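Any value given below was found using the heavy atoms of this structure, including those in side chains, with hydrogens, waters and symmetry copies removed. Order of appearance sets the numbers: ligands from 1, and atoms from 1 within every ligand. Keep in mind that this is a model prediction, so the values were computed, not measured.
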Amino acid sequence: MSSVIYGPVPSWRLGRSLGIDLLSTKGKTCSFDCIYCQLGKTVHPLTERRQFVSLDRLAAELEGVKDIAADYATFSGVGEPTLASNLGEAIELVRSILGLPVAVLTNSSLMTREDVRHELSLADVVVAKLDAPSNELLQQINRPVIACTYDEIVRAIMLFREEYQGKLALQIMFVELNKGCAIEMARIAEQFSADEIQCNTPLRPCAVQPLTPENISEIKRAFYRHGNVITIYEASRPEVVPLDLEETLRRRPQ
Ligand code: SF4
């Protein structure tokens, strides 16, 4: 049986990040099929939440990594973590056993659900994806398999922001298709009062080319009204050695 915990990985956003994959499926399970996904095609398109990994199994694995040095325990992995129906309980379990701050990386598509917003609110950091300023571009870039519109996702993130006391980061993956949308994205980001804006471009092997450091610098300038904007080219990454290289590469191909 493969492990649920992987890394730690050197994250440009979260330092030494111990990964928790609450899906742990063979192949990607997601509500999106983004054109830039490093994990390849969504082989398990899913729109409803269910349990993939039991809390007993997670607890047993957490006991084995209690002494690992990390800055965050991060829910990510082979797909969209909010598809796991026990995410909220898992967040509390991770915090109680590891004593680390907890982050969740989400594609935002299930934030339209009240139960998902509530469970995400238990995390210390939520990194919410929004790559497009329109429904048309959302369909082209993220290729949702779940029935959701751009307006619904924006409204869900705004609702979450109203309730959430932790750190909300907005992650925008810039590729050729949305390269010219930085000003619109900056305006939308203002509505969320995000604590951090993360300007990303796909540097790991995938089906699309990354933008250049010059492109990303220009995009960053569009976010000049935000106090805290980080970009993938400027951020530093700590040196870390993963516990199990194979399990880590399954979630984070080089
Ligand atoms: S949301 Fe994340 S895991 Fe899902 S397809 Fe997009 S990049 Fe891949």
For atom 8 (Fe) of ligand 1, the protein heavy atom that lies nearest, with its residue and separation: Cys37 SG, 2.3 Å
Backbone or side-chain N/O/S of Cys34 under 2.8 Å of atom 6 (Fe) of ligand 1: yes
Let's go through Glu80 and Thr29 carefully: what are the C-alpha distance in whole Å and the side-chain angles of both, what is the deciding distance for side-chain hydrogen bond (donor to acceptor under 3.5 Å, both in side chains) to 0.1 Å, and is it a yes or a no? CA-CA 7 Å; Glu80 171 51 35; Thr29 300; over 6 Å; no
protein heavy-atom neighbour closest to atom 2 (Fe) of ligand 1 works out as Lys129 CE, 4.2 Å
Please tell me if the side chains of Leu100 and Val94 come closer than 4.5 Å, counting only heavy atoms from C-beta onward. no
Roughly how far, to the nearest 0.5 Å, is OG of Ser11 from CG of Leu105? 7.5 Å
Are Glu176 and Leu211 side-chain neighbours, meaning at least one heavy-atom pair lies under 4.5 Å? yes
With the threshold set at 4.0 Å, does a side-chain nitrogen-carboxylate oxygen contact exist between Arg161 and Asp195? yes
Contact check: Cys30 to atom 4 (Fe) of ligand 1, N/O/S below 2.8 Å: yes
What are the atoms of ligand 1, with element, lying closer than 4.0 Å to any heavy atom of Lys28? 3 (S), 5 (S), 8 (Fe)
